[in-house]
*Asks:* 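Pasting in a structure now, in structure tokens, and then I'll have a few things to ask.
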There are 2 protein chains.
Amino acid sequence: MTDSLDPVWKALSDPTRRAILDALRDGPRTTTELVELFPALSRFAVMKHMDVLREAGLLRTRAEGRKRINSLNVVPIRQIYEHWVSPYADLWASKLLRLKRDVEGTDDAGN
Amino acid sequence: MTDSLDPVWKALSDPTRRAILDALRDGPRTTTELVELFPALSRFAVMKHMDVLREAGLLRTRAEGRKRINSLNVVPIRQIYEHWVSPYADLWASKLLRLKRDVEGTDDAGN
DNA sequence: TAATTACGTTACTATTTAGTCACCTATTGA
DNA sequence: TCAATAGGTGACTAAATAGTAACGTAATTA
């Protein structure tokens, strides 16, 4: 089990960082725009969160003069899906199937 | 954006806990069996991780005499998928579509 | 040109988390 | 019955993390 996704998992574990990513779903934003989404936090705190996202590969930042335009990179989330959610979703589906069988009493001998 | 999934995200942020869940994909295991998967950790450390998973709803434990049988609950993972991965996967698909358009120069005026 | 705006970095603090230890209860098997 | 087994909890420590403050650079605007 490869764990190069660990930084992604860690990045997604924080609600502020998830909110940042959610905001970026609608399109790129400047750093200031993201900072303003969290009036309860200082800009340094928000930027620190952005650093974590950037290091996890979830955020891309390009300079436009003195502005920084930040955009979402969905590839790591796709990887999370492929390596984690999809196998478990399969399990969920097969669990459902087994539950259906149990209810209907089709597979009573094997259990 | 509901964030009752925060404990789930936090639980999944740790590689040991992900490994525990991965082990449980093959079927329920006793606490000792899970502890033995991590010889570098004490049993208290492993059990503490299991506590986090249990509180996040990812792990179910039932008593069987002095044994504890632990099994995986895939529902929170399904919820992660529904609330987080699926919307982003949609975005990923539409990003691909837009990229394809850009490459083929079909939508040059709108950009 | 100088002031304002946009953002970066380092050092520090407080809180949270991961891990260990000491002590314990409950169940099973000899 | 008693020893061994299976597991639990609270207290403690060290490391990681979330947040703030101080100081700074670079670009834009008046």
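Sequence lines set the chain letters: A, B, ... in the order given, protein chains first and strands last, and positions in each chain run from 1.
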*Asks:* Using salt bridge (Lys or Arg N to Asp or Glu O under 4.0 Å) as the criterion, point out the one residue from B:R62, B:K67, B:R66, B:R68 that pairs with B:E64.
*Replies:*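 Answer to the salt bridge (Lys or Arg N to Asp or Glu O under 4.0 Å) test with B:E64 among B:R62, B:K67, B:R66, B:R68: B:R62.
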*Asks:* 5'-most contact on DNA chain D: B:K48 or A:S42, nearest heavy atom basis?
*Replies:*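 Between the two, 5'-proximity favours B:K48.
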*Asks:* Distance check needed: D:dG8 P versus B:K67 NZ, whole Å only.
*Replies:*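 Value for this atom pair: 13 Å.
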*Asks:* Round to a whole Å and report the spacing from CE of B:M50 to P of C:dT17.
*Replies:*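 Those two atoms, CE and P, are 19 Å apart.
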*Asks:* Which whole-number value in Å describes the distance from B:E55 CD to D:dT9 P?
*Replies:*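 After rounding, the reported distance stands at 10 Å.
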*Asks:* Nearest whole angstrom, please: distance from the P of C:dT16 to the CG of B:D14.
*Replies:*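 Value for this atom pair: 18 Å.
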*Asks:* Look at the side-chain N and O atoms of B:R17 and state whether any lies under 4.0 Å from the OP1 or OP2 oxygen of C:dA18.
*Replies:*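 Yes, such a contact exists.
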*Asks:* Treating A:E36 as the side-chain partner and A:E33 as the backbone partner, does any N or O pair qualify as donor plus acceptor under 3.5 Å?
*Replies:*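 Such a contact is absent between A:E36 side chain and A:E33 backbone.
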*Asks:* Over how many whole Å does the gap from A:R62 atom CZ to D:dA27 atom P extend?
*Replies:*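 The answer, rounded to whole Å, is 16 Å.
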*Asks:* What is the nucleic acid contact for A:T16, judged by heavy atoms within less than 4.0 Å: base, sugar-phosphate only, or nothing?
*Replies:*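 Touches nothing.
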*Asks:* Measure from CG on B:D51 to P on C:dA18 and round the result to the nearest Å.
*Replies:*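 Computing the B:D51:CG to C:dA18:P distance gives 12 Å.
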*Asks:* Quick one: are B:N70 and B:R54 in side-chain contact, heavy atoms under 4.5 Å?
*Replies:*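 In contact.
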*Asks:* So, B:R25 and B:D22, do they make that salt bridge, N to O below 4.0 Å?
*Replies:*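 So B:R25 pairs with B:D22 through a salt bridge.
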*Asks:* Does a side-chain N or O of A:R68 approach OP1 or OP2 of C:dG8 to a distance below 4.0 Å, or not?
*Replies:*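 Indeed, a polar side-chain atom of A:R68 lies that close.
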*Asks:* Tell me: CE of A:M47 to P of D:dA22, nearest whole Å?
*Replies:*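 The answer, rounded to whole Å, is 16 Å.
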*Asks:* When you measure only distances, ignoring hydrogens and angles, does the side chain of A:R43 come within 3.5 Å of the base of C:dG8 through a donor and an acceptor?
*Replies:*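 Answer yes: a donor N or O sits under 3.5 Å from an acceptor.
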*Asks:* I want to confirm an ordering. Mapping A:A40 and B:E33 to their closest nucleotides on DNA chain D, which one lands closer to the 5' end?
*Replies:*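 Going by which nucleotide is closer to the 5' end, it is B:E33.
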*Asks:* On the nucleotide D:dG19, are OP1 or OP2 found under 4.0 Å from the side-chain N or O atoms that A:H49 carries?
*Replies:*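 Checking A:H49 against D:dG19: at least one side-chain N or O falls below 4.0 Å of OP1 or OP2.
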*Asks:* Measure from CZ on A:R66 to P on D:dG24 and round the result to the nearest Å.
*Replies:*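 Rounding to the nearest Å, CZ of A:R66 and P of D:dG24 are 21 Å apart.
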*Asks:* So does B:A11 get a backbone contact from the side chain of B:R17, meaning a donor-acceptor N/O pair under 3.5 Å?
*Replies:*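 Yes: the side chain of B:R17 pairs with the backbone of B:A11.
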